[in-house]
Amino acid sequence: MSKAPIQVKVVLLGDSGVGKSSIVLRFVADNFKSDAEATIGASYMGKILQFNDKMIKFNIWDTAGQERYHSLAKMYYRDATAAIMVYDITKKDSFDGLKRWHKELSDFGPKDISIVIAGNKEDLVQNEAVPQEEALQFAKSIGALYKKTSAKTNVGVEQMFRDLAGKMFPDV
Ligand code: GDP
């Protein structure tokens, strides 16, 4: 087994309230907070996952609220290896907003970045506001993976990071 983990920088993008911080908290600490006002924490968290004979350290950058003002610093995108673009499956606006986030990523992010679109709040699927086909089409059009997640009920979160790693490093 190689000793040092492979370092990757992952950035979270998406409108306020879609569950970006909750996804990070679930992935890193296997925890969930239902209080929307809760300050979930720092803008950076790390976690190592084991893949067969390799270890990958995900260095995860969350917006810490600046996305409300559409003023993510350019250094947020710099040297990012992967981006998780999150929308809330019950809020069509948050899905439509991904087009703008993708444009920003294209303008400021590295050209070869790996992207996954996360349709979060899968536990509220009875109120789904975006046809699955449309979400898949958009993901395909930008060369992204597509995953449904629930930070609340812990559906698909770790698997999304594993799939992202598989996209970045096809031989892991
Ligand atoms: P952010 O602004 O994108 O970082 O979103 P937050 O992580 O702060 O989440 C916004 C709100 O959505 C909070 O009240 C969360 O508890 C809630 N939330 C986040 N993920 C989920 C989920 O998977 N299911 C449900 N039902 N609520 C969620």
Side-chain angles (χ1 to χ4, degrees), residues 8-47 49 58-78 80-109 113-132 134-136 138-139 142 144-165:
V8 301
K9 175 178 173 180
V10 183
V11 294
L12 272 286
L13 297 172
D15 290 353
S16 183
V18 295
K20 298 181 297 298
S21 300
S22 299
I23 287 172
V24 178
L25 189 67
R26 171 62 74 190
F27 178 58
V28 172
D30 198 13
N31 196 354
F32 179 77
K33 293 178 181 171
S34 58
D35 181 357
E37 298 307 313
T39 303
I40 290 181
S43 56
Y44 164 81
M45 288 202 228
K47 175 159 171 154
L49 282 186
F58 295 92
N59 299 292
I60 307 165
W61 292 83
D62 187 10
T63 60
Q66 302 109 319
E67 81 280 21
R68 284 189 182 86
Y69 314 105
H70 301 301
S71 64
L72 292 184
K74 292 195 179 61
M75 65 163 280
Y76 185 73
Y77 299 98
R78 193 172 300 146
T81 350
I84 300 177
M85 302 208 314
V86 187
Y87 74 97
D88 172 343
I89 65 162
T90 72
K91 299 230 158 60
K92 180 78 164 68
D93 282 1
S94 73
F95 177 73
D96 296 339
L98 291 187
K99 295 206 170 67
R100 185 175 44 76
W101 288 113
H102 183 247
K103 182 170 187 323
E104 278 206 30
L105 188 61
S106 307
D107 289 348
F108 302 124
I113 193 162
S114 295
I115 305 173
V116 60
I117 292 177
N120 190 43
K121 309 198 185 181
E122 188 274 344
D123 55 292
L124 303 176
V125 71
Q126 70 276 11
N127 297 324
E128 187 160 25
V130 181
Q132 176 90 4
E134 196 177 333
L136 282 167
F138 176 59
I142 63 168
L145 299 174
Y146 174 74
K147 295 285 157 191
K148 280 235 176 99
T149 57
S150 171
K152 182 174 182 178
T153 58
N154 195 11
V155 169
V157 176
E158 182 174 317
Q159 193 58 47
M160 175 171 69
F161 282 87
R162 289 192 173 276
D163 292 350
L164 198 49

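Note that ligands are numbered from 1 as they come in the structure, with each ligand's atoms numbered from 1 the same way. Computation of the quantities below employed the complete heavy-atom set of this structure, encompassing side-chain atoms and omitting hydrogens, waters and symmetry-equivalent molecules.
Considering backbone and side-chain atoms together, Glu122 places no N or O closer than 3.5 Å to any N or O of ligand 1. For ligand 1, the polar-atom distance check finds no N/O of Asp62 at less than 3.5 Å from any of the ligand's N/O atoms. Taking only nitrogen or oxygen atoms, main chain and side chain alike, Gly19 reaches within less than 3.5 Å of ligand 1.
For Asp123, every heavy-atom contact with ligand 1 shorter than 4.0 Å involves the side chain, none the backbone. Contacts with ligand 1 closer than 4.0 Å are made by no heavy atom of Val86, backbone or side chain. Contacts of Lys33 with ligand 1, taken as heavy-atom pairs under 4.0 Å, involve the backbone alone. At a heavy-atom distance under 4.0 Å, only side-chain atoms of Leu124, from C-beta outward, approach ligand 1.
Within ligand 1, counting atoms from 1 as listed, the ones closer than 4.0 Å to a heavy atom of Asn120 are 20 (N), 21 (C), 23 (O). Atoms of ligand 1 found under 4.0 Å from any heavy atom of Ser16, numbered from 1 in the order shown, are 2 (O). Annotation for ligand 1: atoms under 4.0 Å from non-hydrogen atoms of Ser21 are 4 (O), 7 (O). Applying the 4.0 Å criterion to heavy atoms of Ser22 picks out, from ligand 1, the atoms 6 (P), 7 (O), 9 (O), 15 (C), 19 (C), 20 (N). The contact set between ligand 1 and Ser34, taken as ligand atoms under 4.0 Å from a residue heavy atom, comprises 14 (O), 16 (O).
Heavy atoms of Asp15 approach ligand 1 to within less than 4.0 angstrom.
For Tyr76, the ring-ring contact (aromatic ring centres under 6.0 Å, His included) test picks out no residue, with sequence neighbours left out.
Among all heavy-atom pairs drawn from Ser94 and Val18, the shortest one is CB-CG1, 3.6 Å.
Tested against Asp15, the residues Lys20, Lys92, Arg100 include a single salt bridge (Lys or Arg N to Asp or Glu O under 4.0 Å) partner, Arg100.
Which of Lys152, Lys148, Lys121 comes nearest to atom 17 (C) of ligand 1 through a heavy atom is settled by distance: it is Lys121.
Relative orientation of the Phe161 and Phe58 rings is perpendicular, given thresholds of 30° and 60° on the angle between their planes.
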